[in-house]
Amino acid sequence: MEPDRWEEERRRGLTIDLGFAWTTLPSGREVAFVDVPGHQRFLANTLAGLGPAPVVCFVVAADEGWRAQSSDHRDALAALGIRHGLIVVTRADRAPDRAPEVLAQARDELAGTGLRDAPGVVVSAVDGTGLTELRATLDRVLEQLPAPETTARVRLWVDRSFTITGAGTVVTGTLAAGTLARGDRLNLLDADRPQSVVIRGLQSRGEPYPRLGPVARVALNLRGVSRDVIQRGSALVTPGAWVSTGTLDIRRTTGGPMTDAAARLVVHVGTAAVPARLRPFDDDHGRLTLDRPLPLVLGDRLVLRDPGGQRVLGGAMVLDADPPVLRRRGDGTRRAAALSALDAAGDVGAEVARRGAVRESHLRRLGFVSSAIPESVRVLDDWWVHAATFQAWQQRLRAAVEELHARDSLAEGLSRGAARDLLALPDESLLDGVTRDAGLEQRGGHIRMPGARDDLGRAEAAVGELEARLRAEPFDAPEADDLSALQLSARELAAAERAGRVLRLRDGVVLLPSAPALAMRELARLAQPFTTSQARQALNTTRRVAIPLLEHLDARGWTRRLDAGHREVVR
């Protein structure tokens with residue numbers, strides 16, 4: 001197959017942009033290739049094709065040997081951490097005597113990369129030398145690859161986008177993990193906010209499929225997006241499964257010290273090339289601020305390139321795609337020490353400790369995966385809370401509630417809103433667990449000491465006197481002057497009601513909680529239906545008390561109002 005798509009490429013015999021080809025190997029395995037430019041001037045295109053690739057076929061010509069661009073490709077391989085592939089010495093017909101020497105040189109040059117132990121093949125496309133061995137070697141290399149994750153979240157880096165008449169927008173890319181199917185909904189991440197798109201059609205190697213798994217070259221016919229808003233470097237992702245970040249903390253994996261690097265550089269990842277600012281923390285760690293956000297996670301490999309030249313500066317690994325804000329003097333030094341202690345695989349316990357509390361789903365979006373919950377973590381629904389943070393929350397909440405109760409025994413308690421603000425909780429749902437484990441109780445949206453509602457403090461004697469009066473005359477509610485004489489304001493009465501000592505009705509009527517049941521006993525003896533006047537006389541009280549009490553009974557469903565003057569007991 002001819003991978004050069006442009007007329008200029010074919011005319012000049014020079015690969016300029018990405019090309020695509022595929023074939024069937026002797027085993028029956030389908031293999032697809034992304035042909036990348038070799039010339040130094042097209043390094044950005046090379047990196048776009050190389051970024052998502054899991055396997056590399058590293059080509060060196062027998063008649064030319066190792067070239068400057070070969071070193072660029074080697075450095076890119078090392079930066080991306082690609083560990084699978086083979087070395088192919090081509091054009092053996094032009095320099096058959098040099099082929100073994102060139103292969104040995106390529107092995108030496110690639111010794112510091114994942115291809116140091118890669119098999120090597122010498123071939124000629126003109127006379128067919130080594131092509132059978134090449135196919136067999138490709139088969140062996142692909143057979144040794146680890147099984148791809150078919151159920152993983154999808155992140156498809158777009159390397160081409162175009163329009164087909166009658167079909168609309170089509171994009172292509174390398175599906176490294178996850179599964180795609182017709183009708184799936186994905187999010188398009190680019191410079192603007194995420195945009196929802198639907199897969200109308202799915203192809204691979206020129207054939208339609210209802211469903212495709214990794215690793216595969218895929219072409220997606222999309223609904224919901226125009227060709228103008230999707231381009232090379234865009235990403236199609238599983239909705240809600242990725243964090244789009246513009247700030248990330250990194251560790252140098254290849255290249256010179258970060259403290260020697262330029263402040264402005266270009267970051268290559270997947271098929272994207274994004275300008276960025278680098279803030280070094282030390283020789284090995286720093287912070288990148290991207291000109292546009294990308295869906296990056298812990299462990300992603302980046303290639304750092306000089307924006308003013310066509311050369312690879314080095315490689316880096318993402319350690320934190322959602323790093324803390326640095327404001328104080330010395331924060332950079334402290335952050336460098338923290339990053340130095342991080343495992344490249346991600347320490348979930350350390351991440352939870354840094355954040356204090358974080359949703360488990362957010363940890364997964366950032367690339368943290370844990371088969372077991374660390375001992376230092378408390379789980380509250382979807383929240384993971386560091387044990388020390390949780391204990392500090394309990395202590396602060398209990399101290400605040402105790403202080404409030406000591407200052408004002410009649411206080412209803414600490415409101416949930418005030419408690420959340422006090423603890424600076426990221427979500428109010430965490431408050432229930434903190435309250436419970438702190439040995440506190442909630443009632444009516446307030447948090448208080450257990451049993452505190454029974455302590456009326458200085459109002460205890462007055463409430464006791466009121467209770468005694470109402471026990472003698474259950475429906476002889478005190479007048480406002482009587483309550484003032486007892487020094488029972490609305491605040492003391494509210495506390496008594498919370499404690500279950502009194503019942504407050506409208507218009508300032510105060511009775512005992514047992515008054516409704518006692519009233520029903522008397523009303524049930526009346527001929528049904530009864531009038532308000534008959535009820536007043538049966539209860540030996542006034543209209544001021546009878547009407548609010550009857551309305552209370554109506555609200556509880558114990559009596560039913562028939563018209564303006566009659567009610568009946570609900571049997």
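Just so we're clear, the structure is a prediction, and the values are computed from it rather than from any experiment.
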Is there a donor-acceptor pair closer than 3.5 Å between any side-chain N or O of [X] and the backbone N or O of [Y]?
{"X": "Asp75", "Y": "Asp72", "value": "no"}
{"X": "Thr238", "Y": "Ala241", "value": "no"}
{"X": "Ser376", "Y": "His386", "value": "no"}
{"X": "Arg200", "Y": "Ala167", "value": "yes"}
{"X": "Thr271", "Y": "Val158", "value": "yes"}
{"X": "Arg107", "Y": "Ala118", "value": "yes"}

Any chance you could measure [X], atom [atom1], to [Y], atom [atom2], to the nearest 0.5 Å?
{"X": "Ile230", "Y": "Leu188", "atom1": "CD1", "atom2": "CG", "result": "4.5 Å"}
{"X": "Leu202", "Y": "Asp184", "atom1": "CG", "atom2": "CG", "result": "8.5 Å"}
{"X": "Thr254", "Y": "Arg301", "atom1": "OG1", "atom2": "CZ", "result": "8.0 Å"}
{"X": "Arg83", "Y": "Leu115", "atom1": "CZ", "atom2": "CG", "result": "11.0 Å"}
{"X": "Asp284", "Y": "Met317", "atom1": "CG", "atom2": "CE", "result": "12.5 Å"}
{"X": "Leu47", "Y": "His268", "atom1": "CG", "atom2": "NE2", "result": "5.0 Å"}

- Query: Hey, would you say the Trp6 and Phe42 ring centroids sit under 6.0 Å apart?
  - Reply: no
- Worked verdict on Leu77 versus Leu50 for side chain to side chain contact (heavy atoms under 4.5 Å, CB included): CA-CA 8 Å; Leu77 282 179; Leu50 187 60; 4.0 Å; yes
- Report the residue from Thr247, Val274, Thr245, Val267 that forms a side chain to side chain contact (heavy atoms under 4.5 Å, CB included) with Leu288. Val267
- Pick out which of Asp35, Val123, Thr90 makes a side chain to side chain contact (heavy atoms under 4.5 Å, CB included) with Val59. Thr90
Do [X] and [Y] touch side chain to side chain, with heavy atoms closer than 4.5 Å?
{"X": "Val297", "Y": "Phe368", "result": "no"}
{"X": "Met258", "Y": "Asp283", "result": "no"}
{"X": "Val55", "Y": "Leu142", "result": "yes"}
{"X": "Glu360", "Y": "Trp383", "result": "no"}
{"X": "Val385", "Y": "Val377", "result": "no"}

Contact summary for [X] and [Y], nearest pair of heavy atoms:
{"X": "Ala316", "Y": "Thr253", "answer": "N-OG1, 3.3 Å"}
{"X": "Gly178", "Y": "Pro214", "answer": "O-CD, 2.9 Å"}
{"X": "Leu180", "Y": "Ile199", "answer": "CD2-CD1, 3.9 Å"}
{"X": "Arg217", "Y": "Ser204", "answer": "O-OG, 2.6 Å"}

Polar contact flag, side-chain donor to acceptor under 3.5 angstrom, [X]-[Y]:
{"X": "Arg67", "Y": "Ser70", "answer": "no"}
{"X": "Glu30", "Y": "Thr24", "answer": "yes"}
{"X": "Trp157", "Y": "Thr174", "answer": "no"}
{"X": "Thr259", "Y": "Asp282", "answer": "no"}
{"X": "Thr169", "Y": "Arg227", "answer": "no"}
{"X": "Asp322", "Y": "His362", "answer": "yes"}
{"X": "Ser27", "Y": "Asp139", "answer": "yes"}
{"X": "Arg252", "Y": "His285", "answer": "no"}

- Full working for salt bridge (Lys or Arg N to Asp or Glu O under 4.0 Å) between Glu64 and Arg91: CA-CA 9 Å; Glu64 295 181 348; Arg91 302 207 289 197; 3.0 Å; yes
- Hey, mind stepping through Leu175 and Val154 against side chain to side chain contact (heavy atoms under 4.5 Å, CB included) and telling me if it holds? CA-CA 8 Å; Leu175 179 64; Val154 170; 4.2 Å; yes
Does [X] pair with [Y] as a salt bridge, N-O distance under 4.0 Å?
{"X": "Glu143", "Y": "Arg29", "answer": "no"}
{"X": "Arg116", "Y": "Asp108", "answer": "no"}
{"X": "Arg335", "Y": "Asp249", "answer": "yes"}
{"X": "Arg232", "Y": "Asp159", "answer": "no"}
{"X": "Arg359", "Y": "Asp427", "answer": "yes"}
{"X": "Arg354", "Y": "Asp320", "answer": "yes"}

Is it the case that over 12 heavy atoms from other parts of the model lie below 6.0 angstrom from the [atom1] atom of [X]?
{"X": "Arg11", "atom1": "CZ", "result": "yes"}
{"X": "Glu2", "atom1": "CD", "result": "yes"}
{"X": "Glu149", "atom1": "CD", "result": "no"}

- Could you go step by step and tell me if Arg277 and Arg264 meet the side chain to side chain contact (heavy atoms under 4.5 Å, CB included) rule? CA-CA 5 Å; Arg277 296 190 307 277; Arg264 295 289 300 184; 2.8 Å; yes
- Task: Evaluate side-chain hydrogen bond (donor to acceptor under 3.5 Å, both in side chains) for Ser361 paired with Arg364, printing each intermediate quantity in order.
- Result: CA-CA 5 Å; Ser361 55; Arg364 291 188 178 277; over 6 Å; no
- Task: Kindly indicate whether a cation-pi arrangement holds for Arg378 with Trp384, taking the cut-offs as under 6.0 Å to the six-membered ring centre and within 45° of the axis.
- Result: no
- What class does the angle between the rings of Phe58 and Trp66 fall in, given that below 30° is parallel, 30 to 60° is tilted and above 60° is perpendicular? parallel
- Message: Working note: Leu290 + Leu296, criterion side chain to side chain contact (heavy atoms under 4.5 Å, CB included); need CA distance, chi angles, decisive distance, verdict.
- Response: CA-CA 11 Å; Leu290 307 176; Leu296 300 177; 4.2 Å; yes
